Amino acid sequence: MSNIKRALIYIGRQRVRSLILFGIFLVTLLLALLGFSVLNASARVGEELRRSVPGYVSVLRDTKNKGPSVTEKTMNEIRVQSGVAEVNANSSQRLVFPELVLLDDTTDTAPLAKQMTTLYSSTDMEKQVWFMDATFTLARGRMLEESDSGNCMISDVVSFNSGLTLGDTVTGYFRNSAETYDETRPFTWTIVGIYRVQDETANMTNEDYAEVPANTLFITHADIQKIDEADPDAKPGQEFSYRKGLQVYPVEQAQLEEVCRDLKEKFPDYLIETEDGAFEQLSGPFRMMQRLLKVLMTVMLVIFSVILILVTALWVKNRVHEMGIYLSVGYGKKDIILQLLTEMLVIALIAVLIAWPVSAAVSGGIGQSLFRAVAQQSGRTAADFNVQVSAAAVFATIGVAVGITMLATMISALQVLALQPKKILSMMS
Amino acid sequence: MPIMTVRDVCYEYIKGKPVLKNVDLDLEQGLVYCIFGPSGCGKTTLLSLMGGLDVPTSGEILFGGKTIKEIGDSEYRRHCVSFVFQNYNLIDYMTPEENVRLTTKENPLKYLTQVGLKRTEARRNVMKLSGGQQQRVAIARALASGAPVILADEPTGNLDEDTADEIIELLKQNARELNRCVVIVSHSNAVAEASDIVLELSHGLLNRVK
Ligand SMILES: Nc1ncnc2c1ncn2[C@@H]1O[C@H](COP(=O)(O)OP(=O)(O)OP(=O)(O)O)[C@@H](O)[C@H]1O
Ligand SMILES: [Mg+2]
């Protein structure tokens with residue numbers, strides 16, 4: 001009788017054992033495949049984040065050493081450097097907004113101090129740091145475009161507190177002194193977008209800016225320039241500068257450091273450094289989860305191996321008499337070991353056939369909810385995000401399971417090799 | 001020329017306490033041998049050595065002029081001898097049919113009906129059969145293997161007189177018609193009477209009494 005036939009008869013008749021073994025395989029395979037799908041999903045989320053939250057090289061004026069301003073010229077020079085894909089420029093101004101109810105951000109007790117706020121411009125608003133790291137997300141209206149001269153974006157808190165909504169206008173003035181502002185030169189913007197402050201801590205004073213980010217109004221470079229030109233403090237003929245510097249994006253994210261080094265060399269008068277904090281912050285939990293998952297899966301692998309080896313060894317021990325009979329009617333030890341192996345592999349195969357589709361069905365949902373979690377955190381809408389266990393992961397899992405099964409059988413086979421039919425059979429009589 | 005030769009075989013489980021002392025025996029095809037002797041005298045031990053389940057402490061067993069080692073353990077057990085164990089030694093998770101199929105590619109029912117098992121009984125789990133029925137499955141398995149030497153340890157121990165007679169007749173028929181050599185360990189007079197050669201094992205020595 002062939003080894004496969006004997007193995008199938010054994011599996012069919014010794015159902016309790018087969019079921020226990022099947023259960024061990026099924027649980028392990030399911031966990032492994034689900035683990036892989038979560039790993040896969042979080043890797044995909046990481047890639048997605050990398051795409052939407054890229055790292056950049058920041059170029060700022062070196063104020064401490066009274067370095068040159070970051071101007072249009074600087075930007076044009078940097079834009080053509082090799083390895084540079086895109087440059088986003090940022091600038092700012094400050095004005096008094098008497099009608100706005102701003103969040104309290106200053107210890108300055110002068111009457112108008114609490115009505116001053118920052119106007120911020122960015123060539124590409126999506127790349128403005130707070131929008132990029134999702135501190136801010138657009139709540140209503142639309143994002144400000146470069147052509148949006150005369151329009152602005154305001155935070156939901158400030159617009160709500162001030163009783164303003166989309167389509168309303170806000171007006172700012174130069175401050176003359178602690179108590180007065182220049183009413184003769186109003187700057188007016190229409191609200192086209194309202195952003196939401198996702199990160200509650202952003203409502204508090206930000207160290208870098210020494211004010212509450214949520215008080216910021218976003219306008220265009222052109223409007224900043226207009227304010228600059230009207231500024232009574234400005235030196236005549238002074239070139240428009242990007243006070244908040246440049247964000248330089250490399251062609252390849254992997255070249256971030258390299259591009260930074262090159263720029264530092266070629267533009268030694270500026271403060272140049274890499275900025276990857278937004279990505280680090282958003283992807284941190286996922287990298288943590290991936291590490292944890294890898295540890296868990298390794299632990300599981302060890303537990304599974306130990307259980308499988310112990311169970312097989314124990315059962316083979318219980319089957320010594322049966323094996324003595326096989327030997328006595330002329331089956332070789334090789335046949336017995338192959339029968340054992342076949343039994344295990346057939347059960348493993350059935351478990352694979354069940355675990356595979358089940359994990360595939362479940363993993364889609366897992367990937368989706370993982371992505372939704374990131375989307376929520378990063379303020380993005382969860383688009384199609386379908387994560388399947390990759391074929392490679394499935395085959396790796398099956399490969400490892402088969403490997404461990406072989407190992408367990410080989411360890412048990414040592415018992416088989418030591419069998420002496422006379423001893424076994426005479427012990428029973 | 002004998003098909004099997006037991007030459008000068010000694011065996012001891014414990015050093016200094018031999019169970020078999022210089023046993024010599026020539027077995028011819030076509031004959032039925034009966035070995036008897038008191039319980040614990042070493043009959044099963046002798047049969048195990050002849051069946052290639054164990055090796056003698058000294059001396060040798062030849063099959064067709066070759067030693068078991070030369071033939072190879074598995075090959076010898078599969079094609080040269082077949083064993084009917086005193087305790088049947090059936091695979092407990094198989095049916096009688098499957099147990100017989102372990103030694104043959106032929107239809108097992110042929111052998112199972114020869115030993116008087118019904119078709120329905122042949123498809124039940126062996127452990128659900130009576131002792132006598134199990135014993136007959138063990139005999140069917142041995143006959144089915146087609147090996148020229150059949151070694152049967154108390155094959156009628158659990159059978160009623162009529163069935164026992166039928167089994168002895170069947171074994172004898174195997175010897176005569178299929179030119180097999182049948183060795184039966186038994187205390188029964190009926191077996192001794194039916195055998196061509198009767199041997200007594202006592203104090204480790206084998207003597208021919210018929
Ligand atoms: N595995 C063993 N280890 C040690 N002694 C054994 C072993 N098997 C058998 N013996 C001893 O060897 C002797 C012969 O045993 P054996 O089974 O060959 O007797 P037997 O003639 O077949 O007896 P019975 O008629 O009761 O079946 C006995 O004294 C027995 O106790
Ligand atoms: Mg005995």
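Each chain gets a letter, A, B and so on, in the order its sequence line appears, and its residues count up from 1. These numbers were taken from a predicted model, which means no experiment stands behind them.
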Taking non-hydrogen atoms and a cut-off under 4.5 angstrom, which of [range] neighbour chain A?
range: residues 63-77 of chain B; answer: B:Ser74, B:Arg77
range: residues 34-43 of chain B; answer: none
range: residues 91-103 of chain B; answer: B:Ile91, B:Asp92, B:Tyr93, B:Met94, B:Thr95, B:Glu98, B:Arg101, B:Leu102, B:Thr103

Exercise. Go through B:Leu170 and B:Gln114 one step at a time and tell me if the side-chain contact (heavy atoms from CB on, under 4.5 Å) criterion holds.
Key: CA-CA 8 Å; B:Leu170 181 64; B:Gln114 274 181 10; 3.8 Å; yes

Quiz item: With side chains defined as the heavy atoms from C-beta onward, is the minimum distance between B:Leu199 and B:Leu25 less than 4.5 Å?
Solution: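 B:Leu199 vs B:Leu25: side chains touch.
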
Quiz item: Is any side-chain heavy atom of A:Phe25 less than 4.5 Å from a side-chain heavy atom of A:Thr405?
Solution: yes

Exercise. Indicate yes or no: does A:Arg319 engage A:Glu322 in a salt bridge with an N to O separation below 4.0 Å.
Key: yes

Quiz item: Could B:Glu12 and B:Lys17 be called an ion pair, given the rule that one side-chain N must be under 4.0 Å from one carboxylate O?
Solution: no

Can a side-chain donor-acceptor contact be found between [Y] and [X] if the only test is distance below 3.5 angstrom?
X: A:Thr342; Y: A:Gln339; answer: no
X: B:Asp160; Y: B:Thr163; answer: yes
X: A:Tyr331; Y: A:Asn3; answer: no

Quiz item: Looking at A:Lys5, A:Gln420, A:Arg6, which one has more heavy-atom pairs under 4.5 Å with chain B than the rest?
Solution: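 Answer, by heavy-atom pair count under 4.5 Å with chain B: A:Arg6.
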
Quiz item: Between A:Gly332, A:Ser328, A:Ser2, which has the largest tally of heavy atom pairs under 4.5 Å with chain B?
Solution: A:Ser328

Exercise. Test A:Asn318 against A:Arg17 for side-chain contact (heavy atoms from CB on, under 4.5 Å), laying out the working first.
Key: CA-CA 12 Å; A:Asn318 284 334; A:Arg17 283 186 186 194; 3.7 Å; yes

Practice problem: For residues B:Gly51 and B:Phe83, report the shortest heavy-atom separation together with the two atoms involved. | Solution: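 Here B:Gly51 and B:Phe83 meet closest at CA-CE1, 3.9 Å.
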
Quiz item: B:Leu112 and B:Ala140: which non-hydrogen atoms are nearest, and at how many Å?
Solution: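 Heavy-atom minimum between the residues: CD2-CB, 3.9 Å.
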
Quiz item: Are the side chain of B:Asp8 and the backbone N or O of B:Asn22 linked by a donor-acceptor pair below 3.5 Å?
Solution: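 Side chain of B:Asp8 to backbone of B:Asn22: no pair is present.
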
Quiz prompt | Residues that B:Asn107 engages under side-chain hydrogen bond (donor to acceptor under 3.5 Å, both in side chains), provided they are two or more places apart | solution = none

Quiz item: If you count heavy-atom pairs under 4.5 Å between each of B:Asp54, B:Thr45, B:Asp153 and chain A, which one has the most?
Solution: B:Asp54

Exercise. Under the side-chain contact (heavy atoms from CB on, under 4.5 Å) rule, what do B:Ile150 and B:Val183 come out as? Steps first, then yes or no, please.
Key: CA-CA 6 Å; B:Ile150 295 169; B:Val183 181; over 6 Å; no

Quiz item: Relative to chain A, which segment of B:Leu49 carries a heavy atom at a distance below 4.5 Å: side chain, backbone, both, or neither?
Solution: neither

Quiz prompt | Candidate pair A:Phe36 and A:Thr397, rule side-chain contact (heavy atoms from CB on, under 4.5 Å), full reasoning | solution = CA-CA 9 Å; A:Phe36 272 121; A:Thr397 309; 3.2 Å; yes

